[in-house]
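Reading through the structure tokens given below for one structure.
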Amino acid sequence: MWSRLKSITYRKVKRHHHHHKTTAAAVAAVTAAMPSECTEPLTSPFGELATNLSDSELRETAYEILVGARLSSGGKSSTYASDSEKNSERAAATPQTLTSRAASKVKKALGLRSRRKKASEKAESERVKKVSTIGETMRVQMRVSEQMDSRVRKALSKVAADQKIELMVLPLEMLQQLKPSDFPNQEEYEAWQRRNLKLLEAGLLLHPLVPLDDENTAPQQLRGIIDGALEKPLETSKNNETMQALRTVVLSLACRTSNNIGSVSETSTHWADGFPMNLKIYQMLLEACFDVNDETSVIEELDEVLELIKKTWLVLGMNQMLHNLCFLWILFNRYATMDQAEGDLLSAGNNLLIKVENDAKAMKGDENYCRMLSSTLGAISSWAEKRLLGYHRYFRSDNAESTMGCVVSMAVLSVKIMEGGEGISNEDHIEGNEMDVGQEKVDAYIKSSLRAAFVQIMETVKSSKSSSTGQQNELPFMAKLAEDVSTLAFTEKETFSPILKRWHPLAAGVAVATLHSCYGNELKQYVSSIDELTPDVLEVMKGADKLEKDLVQIAVENSEDSEDGGKSIIREMLPYEADSVTSNLVKSWIKTRTDRLKEWVDRNLQQEVWDPRANRERFALSAVEVLRIVDEAFEAFFLLPITTHSALLPDLATGINSCLQHYISMAKFGCGTQSTYVPTMPPLTRCSRRSKLPSVFKKKEKVPKKSQAGTVNGNENDSFGTPQMCCRINTLNYIQNELNVLAKRDITHLSNSGTNQDIADRMEKVFELSAAACVEGIQQLCEATANKVIFQDLSHFFWDGLYIGEVSSTRIDPFLQELDHYLEVISITVHDKVRTQVITEVMKVSFDGFLMVLLAGGPPRAFTLQDYEIIDEDFNFLTDLFWSNGDGLPAELIEQFSTKVKDILPLFNTDTDSLIEKFKQVTLESCASSSAKSKLPLPPTTGQWSPTEPNTVLRVLCYRNDETAAKFLKKTYHLPKRL
């Protein structure tokens, strides 16, 4: 795989205009299962109270603490001011309010933008007039009615002047200060009283800051009073005995001290600073930071509101670290549960989380803080990881840049803080240097989300395929999947990888490696199920190859700045080897085609009768069908949508050539060779004038074929008759010619289609072996036909008749007449292109046969010097037959093959003594050793007849009907007269 990197051009893919345009199907595949934004409330990390105090009751309590803290610190109560005084105060406060809106330092530090104007300018003006002081703002924000606000200020203005808020137990004081007459009705008063009693129960008994002592009886006393008051409303006058008992027991419990209280002042009462009651109440205060008319918008008076809220810290046992943790949760929870539309809330939470990280180091020893920290960060981490492990379902190109980075940052930082990792600066966060946790987590997010996206794409493609069954030009499932995965990969690279790269330097590489693995697993199953090569299979492999190249390219481009150049990522991407799979499939396809062709050849040639009358060209129709199949095979091969035609062409050529050569071999099968028809030379004997045909001399047993008794036109059922032999020759000649035509046509087709010149060059040679086999086969059939005609079909007139007995009465005329008929049949039947070749071969065999009659005709033949003229004249008749007064073979061709005979014939006109001397001379000259000169050796039969070849001269002597020759042969070699 790595070697493939070097061949890839490091071309940059345009950010917004890549050649892989995002298709609707691909986008749908990833986003179809996009859930609606989760608006269900998240579980509070602060835990639940052990009593049933509602949010509205906690909010009212928080407002009372806030008002008390403000009054206790010197704030002015406007409860009893006249309307004109109130309006005057509001008007005076308006400029300050407007200034705070424009210059909130907290919002700026947290990255919160200014509030959007949703109302008209008139409505905004009315709101400013109505809400002019920060106290009035808080009342409105906390949904407190003016009647309740009036009651609270009335009660607290009496006690705040005498003592600080942190030294009093607020519910106890409120019970004593307010009477039923301060409420619209008795029911509202009783509900208010029950709330205060439940607050005392929660703060002193259920969630006390200082753990209760089992030996202390105060808790049981308080429990009894509260239970009684819940059954019957409590009389709250100062002189009431129950009220006095309540005050005594409440103060005894609230004023307890402990060395483990932490940063809480030992001079404070402890009724609302136990966990998680204090956090629940404080949460109500922080919720007021959000505009009551726009729950996702933080009010512009944030700085003033937070300063006011801080005044409650002593009562609630809060500090800056706990405030940061609570405010973090409030911002995050508001974003997560309000359509997740306000990205600046998430950004603010992320910025605040960075502060929390530093706080966590300072608060390691605070058990309550650590517990709240772990719970809060766990909730944030769980929410974030749910989205990041499937970020393709929750983020898109329009929100990834603004939102996803914050979610990743919070997820990574939350885990890092919980694991006790070293703190890192804000700059480090921006640069993404938290590689220890960040890279590991982002690696998991990428793999998980892309695997889920891949599954979703698969389901989408399957669904699309099911609904579009039967459409033309429809891509196969795996090819469409590859196309959509490639689109997903480029979308990942352009949309998500730049964000995730802040935490993982090889984000895009991990992404494409994951997709490569997912598709590879599916491709492996697909390939294992393939039985044969089909257009769909090739389309799939082509798509897989393109996908792999796209993925590798992305990995390479993403790894340019990495230390190893992306080798580690590339090593994970086990090659699809699409080219190899395709090549093997094509090879299997080739083998199937060629095997079928070979079977067809075997089946049809067994039935072939080689009838030249089957068509005008007088060749076998089976050849037409064979070449049609061959042509179709090559056409189908070049139509295969592959890029390896050149590499696989030899495989196809080898298979086709093998089939064609098999056809050629079958066309020759059974036709025999020269040795099949040429008689065996009899042993040498000396001649006698009384020589007759001995009973032991028999002509050679011929191959038992019906053609022996056939006529010149052959028998309809004889596939080896002369016409049938000519048909075989024509067939091979037709195949040879058509192969050249096929090759040229394919070359033209390839050139016109812009195919690589290398393939066209190879096509010129693709049929070389078959063409050569045709040439060889034609020659072999010509030889077999000639020998069959001369030595089998015309043996009665030639080998078994010529010059048997008296030479003058057994001359060549009958043979020539029959041969002339055969030559006429051959001329009519055989194709013009090979006619000369066939007749030349017949002439050559007849000339060689003529010499065999003279030199190896056996005891029945004997020649005298006077026979020479007859023999010479007969041979001239034979040559004239082939010349045919200029209409036959060319004179120079006849002269070429007749020269040998003409050179040997003068030996038959040489007297015996001179012939014996000539024999001795050539024999001695051919002997290698001098010792052999004392006795003439018997020269071996070579068949290379020549007037200077010892065996040739010896055979002339053997067939010389002369006493001198007979005596010489008897004396020298003891040759018998007969066999």
Side-chain angles (χ1 to χ4, degrees), residues 31 33-48 55 110-112 276 279-280 283 286-287 289-290 295-296 298 324-357 359-360 370-396 399-419 421 429 434 437-438 440-453 496 499-500 502-503:
T31 62
M34 177 85 67
S36 59
E37 300 295 354
C38 298
T39 57
E40 71 274 8
L42 301 178
T43 301
S44 173
F46 304 147
E48 298 299 328
D55 284 351
L110 292 178
L112 291 166
L279 300 181
K280 288 286 188 179
Q283 179 178 349
L286 291 179
E287 294 283 358
C289 295
F290 292 94
E295 295 183 328
T296 61
V298 177
N324 289 342
L325 187 60
C326 286
F327 200 24
L328 165 63
W329 173 253
I330 297 301
L331 290 172
F332 172 78
N333 184 57
R334 183 59 61 103
Y335 168 80
T337 56
M338 292 295 175
D339 296 331
Q340 303 171 23
E342 295 297 329
D344 60 338
L345 293 180
L346 191 65
S347 177
N350 184 51
N351 292 330
L352 197 53
L353 183 58
I354 297 172
K355 293 183 179 181
V356 170
E357 181 185 20
D359 295 343
C370 290
R371 184 169 61 253
M372 292 300 104
L373 176 70
S374 177
S375 179
T376 302
L377 296 186
I380 293 174
S381 175
S382 176
W383 180 91
E385 290 220 338
K386 177 183 178 181
R387 280 143 187 82
L388 293 174
L389 289 171
Y391 59 80
H392 289 89
R393 301 175 61 200
Y394 292 93
F395 303 101
R396 300 170 300 277
N399 69 355
E401 185 68 30
S402 61
T403 304
M404 184 178 176
C406 285
V407 176
V408 177
S409 178
M410 294 186 77
V412 170
L413 193 53
S414 295
V415 173
K416 192 174 185 65
I417 296 171
M418 288 189 290
E419 292 180 356
H429 279 274
E434 60 268 45
V437 174
E440 179 182 351
K441 299 300 292 184
V442 168
D443 189 88
Y445 300 154
I446 294 172
K447 292 177 179 178
S448 172
S449 186
L450 279 167
R451 285 168 184 155
F496 300 114
I499 298 170
L500 299 174
R502 293 164 52 194
W503 292 271

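- Tyr445 has its side chain out of reach of Trp503: every pair of non-hydrogen atoms, C-beta onward, lies at least 4.5 Å apart.
- Contact record, Ala411 with Ala384: CB-CB, 3.7 Å, taken as the closest heavy-atom pair.
- In terms of heavy atoms, Leu345 sits closest to Thr296 at CD1-O, 3.6 Å.
- Taking every heavy atom of both residues into account, Lys280 and Gly47 meet most closely at CE-O, 2.8 Å.
- Shown here are the salt bridge (charged side-chain N to carboxylate O under 4.0 Å, His left out) partners of Lys355, two or more places apart in sequence or in another chain: there are none.
- Considering only residues two or more places apart in sequence or on other chains, Phe327 meets the ring pair (Phe, Tyr, Trp, His ring centres under 6.0 Å) condition with His323.
- The structure places CG of Asn399 at 13.0 Å from OH of Tyr394, a figure rounded to the nearest 0.5 Å.
- In terms of heavy atoms, Asn351 sits closest to Gly111 at ND2-N, 4.2 Å.
- Partners of Glu287 under the side-chain hydrogen bond (donor to acceptor under 3.5 Å, both in side chains) rule, at least two apart in sequence or in another chain, are Arg334.
- For the salt bridge (charged side-chain N to carboxylate O under 4.0 Å, His left out) test, no residue two or more places apart in sequence or in another chain qualifies with Asp359.
- Nearest approach of Pro276 to Phe46, heavy atoms of both residues: CB-O, 2.8 Å.
- Partners of Tyr391 according to the ring pair (Phe, Tyr, Trp, His ring centres under 6.0 Å) rule, which considers only residues two or more places apart in sequence or in another chain, are Phe496.
- Checked against side-chain hydrogen bond (donor to acceptor under 3.5 Å, both in side chains), Ser414 has no partners two or more places apart in sequence or in another chain.
- Taking both residues in full, the closest heavy atoms of Ala444 and Leu389 are given as O-CD2, 4.0 Å, listed atom of the first, atom of the second, then distance.
- Looking at residues two or more places apart in sequence or on another chain, you find a salt bridge (charged side-chain N to carboxylate O under 4.0 Å, His left out) between Arg371 and Glu367.
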